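Structure record follows, encoded as structure tokens.
Residue numbers start at 1 and run along the sequence shown. Whatever order the structure lists ligands and atoms in, that order sets their numbers, starting from 1. A quick note: this is a predicted structure, and the numbers were derived from the prediction, not measured.
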Amino acid sequence: MAQTLVEKILAAHRIAGEAVPGRELAIRIDQTLTQDATGTMAYLQFESMGLDRVKADLAVSYVDHNTIQVGFENADDHAYLKSVAQRYGIVFSRPGNGICHQLHLERFGRPGATLLGSDSHTPTGGGIGMLAIGAGGIDVAVAMGGGPFYLTYPKVTLVRLTGRLPPGVSAKDLILRVLAEYGTNGNVGRVLEYGGPGVATLGVPARATVTNMGAELGVTTSVFPSDEVTRAFLRAQGREGDWTAWAADEGAVYDRVLEVDLGGLEPLAACPHSPGNIATVASLAGRRVNQVLIGSCTNSSYRDLKTVALMLRGKKVHPDVEVGVAPGSRQVVEMLAREGLLTDLVLAGVRILENACGFCIGNHMSPGTDAVSLRTSNRNFEGRSGTRSAQVYLVSPETAAAAALTGVFTDARTLALAEPVAEPEAFARDDSLFLFRETAGRGVPGAAIVRGPNIGTVPSGKPLPERLDGVAAIKVGDKITTDHIMPAGARLKYRSNVPQYAKYVFEPVDAAFFANASANRDAGLHNVIVAGESYGQGSSREHAAMCPMYLGVRAVVAKSIERIHLANLINFGIVPFAFADPADYEGVAQGDRLAVEGLRAAVAGDGRAVVRNLTRGTEFAVAVALTDRQRTLLLNGGLLAAVACGAVC
Ligand code: MIC
Ligand code: SF4
């Protein structure tokens with residue numbers, strides 16, 4: 001039978017389970033990646049598994065998020081990550097090398113392979129024809145150790161592209177168009193596969209922009225075929241040997257098809273405060289702009305930044321606009337420098353930022369009060385920029401450059417380059433900031449691991465109690481992101497220290513949560529989180545489950561929960577219940593005393609339970625659909641606890 005590309009890659013990696021949408025499938029993972037903000041916990045968990053080396057074909061540890069180094073914490077993390085990499089056979093990408101997803105695409109990604117990364121934008125690798133998936137750190141630790149990754153067998157949507165992008169319109173406008181169609185919730189359990197004649201007109205970095213921001217849809221991943229364009233990209237990276245052709249069979253059947261004529265696209269923007277809140281730039285034209293930031297793992301390639309440099313060449317940025325450019329990697333910096341394009345940017349008045357996540361995660365370049373900030377990154381959740389009142393819009397590099405010049409939203413088609421920037425025949429290559437390549441996969445047994453005072457321990461979970469006796473410690477609305485649950489920005493440096501980081505759980509929503517939840521826990525009560533639709537959108541950070549677990553959270557009751565966060569909750573022993581009737585959400589208030597008799601029995605059985613609201617004298621039904629493996633994890637108090645007691649290996 002004719003197969004989709006997704007079916008082919010999954011079939012080639014299947015270990016167990018059925019190829020039936022909705023069922024659980026176990027797959028082999030070829031490559032793993034971590035970044036520093038999730039990496040320290042991932043490696044602490046890997047260490048606790050007692051293995052002597054990594055077993056995946058390739059494991060890479062990147063440092064790109066916490067590079068600001070105010071205080072000792074970031075540097076402690078870097079030293080720990082470096083020493084772990086040496087010891088266990090992991091390639092270590094030093095700070096200064098670039099952003100994990102851009103670097104992985106350039107130097108390691110392989111068509112047809114599977115990649116699991118402890119970052120939600122790992123699907124960037126889909127631009128090169130990989131099946132690249134984001135997950136919590138502990139799932140990546142298991143995959144590094146050679147264990148399978150479990151996913152729900154997906155439904156596959158075909159995005160069929162025709163035509164060619166017009167001047168001034170680029171890949172960002174395509175993914176914003178897809179976001180306008182499908183929104184940021186309700187897409188769990190799907191993969192987007194791109195196909196059609198328009199695919200051949202898009203270079204690999206453009207494809208990667210599209211698969212990167214598939215994360216904002218909430219899909220498991222997105223993937224492009226591997227074709228002659230992919231081959232040319234790998235050749236230009238000196239890696240043609242890694243190329244193989246991958247495409248869907250003629251006549252493959254899809255669950256859904258979205259037709260997009262690239263020629264009919266126009267510049268778009270994701271408006272505050274959601275990547276799914278799409279408007280045309282033309283409809284915003286003339287509105288003032290205070291800040292323009294270009295970079296992040298979505299749009300920091302050579303092609304993107306050369307386009308910006310050429311648009312700014314010989315001109316000056318508007319005096320009322322602060323403009324920054326953060327290249328994606330050293331390769332990009334080197335090529336911009338060699339071609340004089342950095343000079344163009346500097347002379348135009350651009351601030352050149354470090355080739356790292358930087359502004360995207362809100363730990364620097366925060367905008368001023370009420371400022372309008374145009375960014376080429378992928379998320380504009382309220383407060384993520386570091387400034388609560390800022391209005392962040394997500395746009396293409398072309399739209400960003402146009403606003404940098406004019407000081408207002410401007411349709412980039414009016415300032416487009418006469419000739420689009422072509423992909424180079426050869427990229428500059430210097431792999432000297434990748435360490436331990438020679439011992440990759442083997443490691444250096446006995447090499448010392450460096451643990452500064454910022455390196456904490458992973459909290460261990462306790463078995464699920466027979467009965468839930470708790471409090472609705474917080475009630476939140478729809479689309480609560482992991483940035484709401486576990487803020488990054490200025491708090492990011494506490495990632496390796498759970499007791500410290502736990503002080504900021506739900507800080508942007510309810511600053512009293514830590515005190516209240518700690519008091520409940522200390523009084524022997526369980527904490528429960530009550531939430532609306534699409535709880536846990538956004539990042540893969542497992543701290544959004546680990547820190548609540550540390551504060552005694554044993555259950556979430558939500559209208560719906562996003563994929564990575566749901567897996568993280570189970571990995572940390574928190575039961576992810578859904579309201580059987582979403583209308584019951586209205587009948588619970590923050591502070592209500594809640595009880596579930598037979599909590600263990602419900603999890604061990606069909607997942608159905610009744611929650612008694614002791615404060616109001618009411619009750620409502622909840623349910624959780626679990627596989628046997630997930631039941632075992634929850635009953636034992638999470639994945640690490642289940643491994644420790646031998647319930648899973
Ligand atoms: C993000 O973009 O939100 C992050 C920071 O890269 C996260 C990972 C993290 O929280 O460390 C992600 O996307 O998974
Ligand atoms: Fe880094 Fe931003 Fe990409 Fe997350 S989305 S990996 S913070 S550049």
At less than 2.8 Å, would any N/O/S atom of Cys357, backbone or side chain, sit next to atom 1 (Fe) of ligand 2?
yes
Taking only Lys NZ, Arg NE, NH1 and NH2, and the carboxylate oxygens of Asp or Glu, determine whether Glu322 and Arg375 approach each other closer than 4.0 Å.
no
Any heavy-atom pair between the side chains of Thr40 and Val84 that's under 4.5 Å?
no
What part of Arg384 sits under 4.0 Å from ligand 1 if we count only heavy atoms: the side chain, the backbone, both or neither?
side chain
Location of contacts on Asp64 toward ligand 2, heavy atoms closer than 4.0 Å
neither
Specify side chain, backbone, both or neither for Thr298, according to which of its non-hydrogen atoms lie closer than 4.0 Å to ligand 2.
neither
Closest to atom 11 (O) of ligand 1 among Arg495, His121, Met486, His65 (heavy-atom distance)
Arg495
pair Tyr80-Asp77: side-chain heavy atoms closer than 4.5 Å
no
For ligand 1, is there an N or O atom under 3.5 Å from any N or O atom of Ser120?
yes
What protein heavy atom is closest to atom 10 (O) of ligand 1, reported as residue, atom name and distance in Å?
Arg541 NE, 2.6 Å
Run the numbers for me: atoms of ligand 1, each under 4.0 Å from some heavy atom of Ser539, listed by number.
3 (O), 7 (C), 8 (C), 9 (C), 10 (O), 12 (C), 13 (O), 14 (O)
At a 4.0 Å threshold, what atoms of ligand 2 neighbour a non-hydrogen atom of His121?
5 (S)
Sub-4.0 Å heavy-atom contact, His101 with ligand 2:
yes
Per-atom filter on ligand 1: closer than 4.0 angstrom to a heavy atom of Ser540 are 12 (C), 14 (O)
If we only count N/O pairs under 3.5 Å, is Asp119 in contact with ligand 1?
yes
With a 6.0 Å cut-off on ring centres, are Tyr535 and His565 close enough?
yes
Is Gln35 in contact with ligand 1, taking contact as a heavy-atom separation below 4.0 Å?
yes
Can you find an N/O atom of Thr38 closer than 3.5 Å to an N/O atom of ligand 1?
no
Thinking salt bridges, do Glu216 and Arg379 make one under a 4.0 Å N-O criterion?
yes
So that I can tick it off, tell me whether Arg451 and Glu47 are bridged by a salt bridge, with the cut-off set at under 4.0 angstrom between side-chain N and carboxylate O.
yes
Which atoms from ligand 1 have a heavy atom of Ala37 less than 4.0 Å away?
11 (O)
